[in-house]
Protein chains: 2
Amino acid sequence: MTDLELEKFKRVLNDENLKLTPQRVEVFREVCNSDEHLEAEEIYLSLKQRKVNISRATVYRTMDILYQHDLVQRMDIGDGKWRYEHWLDCHQHDHLICIRCGTIVEFVSHQIEEIQQDVADKFNYKLLRHVHQLFGLCKQCRKTPMSVI
Amino acid sequence: MTDLELEKFKRVLNDENLKLTPQRVEVFREVCNSDEHLEAEEIYLSLKQRKVNISRATVYRTMDILYQHDLVQRMDIGDGKWRYEHWLDCHQHDHLICIRCGTIVEFVSHQIEEIQQDVADKFNYKLLRHVHQLFGLCKQCRKTPMSVI
DNA sequence: GTGAATGCAAATTGTTTGCATCGTG
DNA sequence: CACGATGCAAACAATTTGCATTCAC
């Protein structure tokens with residue numbers, strides 16, 4: 001967690017009249033210091049392991065604040081749980097997901113962004129955000145025959 | 001529900017040694033005869049209203065069979081429930097979703113498909129499927145000021 | 001008639017909420 | 001020291017599952 005990130009977080013809390021508690025800082029630190037796409041439960045367990053006094057409820061409540069203020073990004077790969085990643089100074093990107101091992105790779109395509117905008121224009125929609133996920137087998141997993149699963 | 005669709009369904013059930021029950025047929029009919037993106041609960045309620053004797057469990061179990069055999073497509077717009085649409089003789093398409101009124105429009109872009117494939121190739125992934133959803137405000141909803149919500 | 005399918009209710013999973021207590025500003 | 005934040009457990013919502021009963025083949 002960089003000073004910049006912490007500053008941004010403090011500013012958000014201040015602006016919203018929310019308090020800077022140790023739990024909130026630790027949750028934010030956890031996401032900032034990871035390059036994974038973390039589930040709420042993973043954040044909770046990781047903090048517990050680090051002997052941080054925290055409850056699941058606080059993790060969920062904090063993730064909500066962070067998401068609402070664009071300090072983290074969240075995604076749902078269709079299994080009914082949110083995965084979070086740090087977002088500050090991050091460019092918009094999309095995801096390539098291995099359905100075998102779960103590895104997630106990020107990609108960016110300006111071309112796709114442009115076409116998306118054209119599609120929205122065509123239907124007279126004001127485009128606000130998008131979800132673009134490619135599912136497949138990663139380099140490793142495509143080698144292994146399916147029968148090994 | 002066309003005869004062709006029913007035939008395909010019967011063949012799937014036969015191949016899998018599953019039985020052709022009235023409940024299964026009614027669930028399939030419900031999806032085939034709608035152009036909406038239906039939730040399991042909507043299918044259940046709609047059948048109940050039509051006096052079909054059915055339980056939620058059977059709806060869920062049947063949707064699973066239909067999905068596993070490509071008789072329906074399903075999508076998750078991030079609210080934790082599956083939405084189903086009939087899929088037979090359907091071309092692959094993606095969705096444009098109004099976050100205000102929930103209207104869902106379908107779109108196809110061959111250009112995007114191509115770029116997706118390039119992206120997957122670049123990372124050495126074998127591309128199997130994708131999710132591409134554009135969220136925004138539809139023609140009607142973009143007119144109404146946010147404060148009216 | 002037999003094994004698979006159904007309905008029901010209870011279980012599961014990820015998340016949210018009510019409430020008494022705690023602690024930041 | 002007030003009011004927002006926390007932890008806990010109970011509540012939720014969508015879906016799944018166990019089991020006794022029913023029914024298609």
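A note on names: the letters A, B, ... follow the listed sequences, proteins ahead of strands, and every chain is numbered from 1.
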Check your understanding: Between A/I54 and A/N17, which is nearer to the 5' end of DNA chain D once each is assigned its nearest nucleotide?
Key ->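 The residue mapped nearer the 5' terminus is A/N17.
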Whole-Å gap separating [atom2] ([N]) and [atom1] ([X]):
{"X": "A/D79", "N": "D/dT16", "atom1": "CG", "atom2": "C1'", "result": "16 Å"}
{"X": "A/K48", "N": "D/dC8", "atom1": "NZ", "atom2": "C1'", "result": "11 Å"}
{"X": "B/Y67", "N": "D/dT16", "atom1": "OH", "atom2": "P", "result": "12 Å"}
{"X": "A/L38", "N": "C/dG14", "atom1": "CG", "atom2": "P", "result": "15 Å"}
{"X": "A/E26", "N": "D/dT6", "atom1": "CD", "atom2": "C1'", "result": "15 Å"}
{"X": "A/F28", "N": "D/dA5", "atom1": "CZ", "atom2": "C1'", "result": "19 Å"}
{"X": "B/I65", "N": "C/dA5", "atom1": "CD1", "atom2": "P", "result": "7 Å"}
{"X": "B/D15", "N": "C/dA4", "atom1": "CG", "atom2": "P", "result": "17 Å"}

Exercise for review: Using distance alone, with no hydrogens and no angle criterion, decide if A/H95 and A/Q133 have a side-chain donor and acceptor under 3.5 Å apart.
Suggested key: no
Check your understanding: Just checking, any donor-acceptor pair under 3.5 angstrom between side chains of A/Q23 and A/T58?
Key ->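 Note: A/Q23 and A/T58 side chains miss the donor-acceptor criterion.
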Check your understanding: If only side-chain N and O atoms of B/R24 are considered, is one of them under 4.0 Å from the OP1 or OP2 phosphate oxygen of C/dT6?
Key ->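 Looking at the OP1 and OP2 atoms of C/dT6, one of them is under 4.0 Å from a side-chain N or O of B/R24.
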Check your understanding: Within the pair B/Q23 and D/dC23, is there a side-chain N or O less than 4.0 Å away from OP1 or OP2?
Key ->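 Answer no for this pair, as no side-chain N or O of B/Q23 is under 4.0 Å from OP1 or OP2.
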Practice item. Determine yes or no for a side-chain-to-main-chain donor-acceptor pair under 3.5 angstrom, with A/K48 supplying the side chain and A/I54 the backbone. Key: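 Checked: pair present.
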Review point. Does any N or O in the side chain of B/D94 come within less than 3.5 Å of the main-chain N or O of B/F107, such that one atom is a donor and the other an acceptor?
Key: no
Practice item. Evaluate the ring planes of A/H132 and B/H130, with Trp represented by its six-membered ring, and classify them as parallel (under 30°), tilted (30 to 60°) or perpendicular (over 60°). Key: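 A/H132 and B/H130: perpendicular rings.
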Review point. For the helix from C/dG1-D/dC25 to C/dG25-D/dC1, what angle lies between the axis at the first five pairs and the axis at the last five pairs, to 10 degrees?
Key: 30°
Check your understanding: Do you know which two heavy atoms are closest between A/Y125 and B/I97, and how far apart they sit?
Key -> CE2-C, 3.8 Å
Review point. Charged N to carboxylate O under 4.0 angstrom, A/E41 versus A/K81?
Key: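 Salt bridge flag = no for A/K81 with A/E41.
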Exercise for review: For each nucleotide in nucleotides 15-25 of chain C, reading 5' to 3', give B when a protein heavy atom comes within less than 4.0 Å of its base, S when such contact involves only the sugar-phosphate, and - otherwise.
Suggested key: BBBB----BBS
Check your understanding: Can the ring centroids of B/W87 and B/H93 be said to lie less than 6.0 angstrom from one another?
Key -> yes
**Study point:** salt bridge (charged side-chain N to carboxylate O under 4.0 Å, His left out) evaluation trace for B/E5 with B/K8
**Key:** CA-CA 5 Å; B/E5 286 169 327; B/K8 183 87 191 287; over 6 Å; no
